[in-house]
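Predicted model, so just to flag it, every value in this text is computed and none were measured.
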Amino acid sequence: YTHFSAARNSCRTSGAVPANGLIYTFPHACGCYPMLRGFLGLVTTPVPAGPTSLYDENRLQTGPAYQQEPNVVTDGADSWPTYRRDAKRTGSTTSAGPSKLDILWKHQVAAPLPTSLREEWALKDGGRLSAPVIAGGTAFAASLDDHTLSAVDAKTGKPKWLATAAGRIDCPPTIHEGRCFFGSRDGWGYCVTADKGMLIWKFRAAPAEQRIVAHGQLESSWPVVGGVLVHDGLAYFLVGRHSGSDGGLFAYAVEPATGKLVWSRSIEGHDGVADLLTAEGNVVTMASVRLNSKTGKNVTTSIASLRGGRLGLLSDAWYRRPIALRKNLQLWTVGGDRRGQMLSWAAGGYCGFKACSSVSGGDGKLSGNAELFVRATGDKNLKPWSIKLSTKTRLRGLVLAGKTVYAAGVFGEKDGPVNAVRAYSARDGKLIDELLLTSPFVHDCLAVANKNVYVTTEDGELICIGEK
């Protein structure tokens, strides 16, 4: 027989159920191997042969801004132009952020949640907004379930434009040379102008136009996962759900200006869910897979890239169900020594967060202490420190910005949980300032640019924080 690695039946509650021409499986907390989660309806049908054999000109569609020179606004090192700031996804910047934390402006990217839905959303995986991105004087954030990407003035919060896709947008865009790139779970990669949101091109990365119902909405059977990465002169995106389902995972590289295909590959040597693309030098990485950035061929390299455990870097399951920490399902790593539920690193050191000392494999109970820490990796002025926190702490954002560590999330205090953005000295861990907010934050919610902190919340707000 052939092992279907993308799903399995529950160990304790029930087996797989055949009915209606489908095989149904049920939610479980199994950590034996990486797989798709939730209620699944499975069917055996022929799948497309792969991205290369099905490529045709109809997959690239051009818009009104095609072949027009984009308006490029340069802001250098003080920008945060992609998810976790750079292609390596370091989540850090050499630019300084504010020492005083005040709200400068708010923008409602998505409508506030009705009270009647708050409890349901508190149990739902995935946030309402993406992380923020800031470049060229503009701040960007996506409303996932609304399929929209919002662009606002980074100084004032005044809306600039709104773009809509035909499916969820699970990651913020990448801003590069006046162009704004993003992917959607409709199976397409998009490129619009960064200043006005006008379509330049869109490319169907899915092998075919085929829809399924996923988490209450229509999606492609092959969604674009993790947005679009721009690196080494090309734009890259990853499509598919799991290496073991629907023909597997496919990677694409296209010309940023035209959307024309340069190479496409089926992902080999990876058994698990689709995850975020990272890059360094001439290598593009997804989990343990290493591809040559110019050809897409598999390569062997010692590059220490960011990895996110079996559930991937985009999963936020452990916030609501700590049992997801067992068997390193949600452990971020960079090389062998940098480890935690969240990491941010630079050339001279790194900061991280660990949710507990240990986790029960039976009920997911956390024990010991959570820990916020800094470690030096070359900076002689950076001394190691750590702060012990309650295991009720749920850190949702962490950025190392110059001499300051910014952390956002729910901090488990003696008098009860506190939802806050905090600034710590990277040198000694001293608390510099704290801003209390009422709305919970989304996963990986922070960015630092223009000497300000930007954060996105579950109430659908993009907030700019700085010194008044």
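- The shortest non-hydrogen separation linking Ala205 to Val239 is O-CG1, 3.7 Å.
- Among residues two or more places apart in sequence or in another chain, the ring-ring contact (aromatic ring centres under 6.0 Å, His included) test is passed with Phe182 by Tyr190.
- A salt bridge is defined here as a Lys NZ or Arg NE, NH1 or NH2 lying under 4.0 Å from an Asp or Glu carboxylate O, and Glu219 with Arg241 meets this definition.
- No donor-acceptor pair under 3.5 Å is formed between the side chain of Arg339 and the backbone N or O of Gly352.
- Considering NE2 of His215 and CZ of Arg168, their distance stands at 6.5 Å, rounded to 0.5 Å.
- Not one N or O on the side chain of Asp275 forms a donor-acceptor pair closer than 3.5 Å with the backbone of Gly312.
- Considering every non-hydrogen atom in both Val152 and Pro159, the closest pair reads CG1-CA, 3.9 Å.
- Evaluation of the side-chain hydrogen bond (donor to acceptor under 3.5 Å, both in side chains) test over residues 393-402, restricted to residues two or more places apart or in two chains, returns Arg396-Glu458.
- Between atom CD of residue Glu255 and atom CG of residue Leu60 there is a gap of 10.0 Å, rounded to the nearest 0.5 Å.
- Within the model, atoms CZ of Arg310 and CG of Asp271 stand 10.0 Å from one another, a figure rounded to the nearest 0.5 Å.
- Residues that satisfy the side chain to side chain contact (heavy atoms under 4.5 Å, CB included) test with Thr94, not counting sequence neighbours, are absent from this structure.
- For Arg128 and Asp145, the salt-bridge test fails: no basic side-chain N is under 4.0 Å from an acidic carboxylate O.
- Here the CG atom belonging to Leu311 is positioned 4.5 Å from the CG atom belonging to Leu329, to the nearest 0.5 angstrom.
- Under 3.5 Å, the side chains of Gln210 and Ser220 contain no donor-acceptor pair of N or O atoms.
- Evaluation of the ring-ring contact (aromatic ring centres under 6.0 Å, His included) rule for His242 yields no partner, not counting sequence neighbours.
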Checklist entry - Going through the checks in order, is the side-chain contact (heavy atoms from CB on, under 4.5 Å) test met by Leu435 and Ile103? => result CA-CA 8 Å; Leu435 176 66; Ile103 295 177; 3.8 Å; yes
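- Listed here is the closest heavy atom pair of Asp170 and Gly226: OD1-N, 3.2 Å.
- Looking at heavy atoms from C-beta onward, Phe411 lies out of side-chain contact with Pro417 at the 4.5 angstrom threshold.
- Residues Glu268 and Asn298 share a closest heavy-atom pair of O-ND2, 3.9 Å.
- Side-chain contact between Ile267 and Leu238 is present, with heavy atoms from C-beta onward closer than 4.5 Å.
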Checklist entry - What's the verdict on side-chain hydrogen bond (donor to acceptor under 3.5 Å, both in side chains) for Glu461 and Thr456, showing C-alpha distance, side-chain angles and the deciding distance? => result CA-CA 6 Å; Glu461 291 181 322; Thr456 44; over 6 Å; no
Donor-acceptor pairs under 3.5 Å, side chain of residues 401-409 to any protein atom, not counting sequence neighbours: which ones?
residue : atom : partner : partner atom : Å
Tyr406  : OH   : Gly97   : O            : 3.4
Tyr406  : OH   : Pro98   : O            : 2.5

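- For the ring pair (Phe, Tyr, Trp, His ring centres under 6.0 Å) with His443, the lone residue among Tyr319, Trp318, Tyr83 that qualifies is Tyr319.
- Residues Phe181 and Pro256 have side chains in contact (heavy-atom distance under 4.5 Å, counting atoms from C-beta outward).
- In Lys392, the NZ atom is not crowded: 12 or fewer heavy atoms of neighbouring residues, nucleotides or ligands sit closer than 6.0 Å.
- For the pair Lys196 and Trp161, the cation does not sit on the ring face, since its NZ or CZ is not both under 6.0 Å from the ring centre and inside 45° of the axis.
- Within the 3.5 Å criterion, the main-chain N or O of Met198 finds a donor-acceptor partner in the side chain of Thr193.
- Smallest separation of non-hydrogen atoms from Gly240 and Val225: O-CG2, 3.4 Å.
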Checklist entry - Stepwise, does the side-chain hydrogen bond (donor to acceptor under 3.5 Å, both in side chains) test hold for Ser305 with Lys88? => result CA-CA 7 Å; Ser305 60; Lys88 293 193 292 184; over 6 Å; no
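- Distance alone, capped at 3.5 Å, is enough to place a donor-acceptor pair between the Ser130 side chain and the Ala142 backbone.
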Checklist entry - Would Val262 and Val254 satisfy side-chain contact (heavy atoms from CB on, under 4.5 Å), going step by step from the backbone distance to the final call? => result CA-CA 5 Å; Val262 176; Val254 302; 5.5 Å; no
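- Of the possible donor and acceptor atoms, none in the side chain of Thr457 sits under 3.5 Å from a partner among the backbone N and O of Phe441.
- Inspection of the Ser184 and Asp186 side chains reveals an N or O donor paired with an N or O acceptor under 3.5 Å.
- A donor-acceptor pair under 3.5 Å is formed between the side chain of Glu467 and the backbone N or O of Ser99.
- Trp263 contributes a side-chain N or O that, together with a main-chain N or O of Ser293, makes up a donor-acceptor pair within less than 3.5 Å.
- If you take CG on Leu400 and OG on Ser92, they are separated by 5.5 Å, rounding to the nearest 0.5 Å.
- In this structure, Asp459 contributes its side chain and Pro112 its backbone to no donor-acceptor pair below 3.5 Å.
- In this structure, the side chain of Arg85 does not engage the main chain of Val448 through any donor-acceptor pair within 3.5 Å.
- For the 3.5 Å distance criterion, the side chains of Trp188 and Glu209 qualify, holding a donor opposite an acceptor.
- His231 and Glu280 share no donor-acceptor pair across their side chains, judged by distance under 3.5 Å alone.
- Looking only at atom types and distance, the side chain of Tyr252 has no donor-acceptor partner in the side chain of Arg204 under 3.5 Å away.
- Considering only heavy atoms from C-beta on, Thr174 stays 4.5 Å or farther from Leu229 through its side chain.
- When the side chain to side chain donor-acceptor pair (under 3.5 Å) test is applied to His270, no partner is found at least two apart in sequence or on another chain.
- Evaluation of the salt bridge (charged side-chain N to carboxylate O under 4.0 Å, His left out) test over residues 224-237, restricted to residues two or more places apart or in two chains, returns Asp232-Lys294.
- Remark: Lys451 engages no residue in a side chain to side chain contact (heavy atoms under 4.5 Å, CB included) (not counting sequence neighbours).
- Legend: residues meeting side chain to side chain donor-acceptor pair (under 3.5 Å) with Gln68, ordered by chain and number and at least two apart, are absent.
- With sequence neighbours left out, the ring-ring contact (aromatic ring centres under 6.0 Å, His included) criterion links Phe373 to no other residue.
- Panel note: side chain Trp332, backbone Gly309; no donor-acceptor pair is recorded below 3.5 Å.
- With sequence neighbours excluded, no residue satisfies side chain to side chain donor-acceptor pair (under 3.5 Å) with Ser390.
- Minimum interatomic distance between Ala131 and Pro172 (heavy atoms only, all atoms of both residues): O-CB, 3.2 Å.
- Here the straight-line distance linking atom CG of Asn282 with atom CZ of Arg290 works out to 12.5 Å at 0.5 Å rounding.
- Annotation: salt bridge (charged side-chain N to carboxylate O under 4.0 Å, His left out) contacts of Glu434 (sequence neighbours excluded): Arg422.
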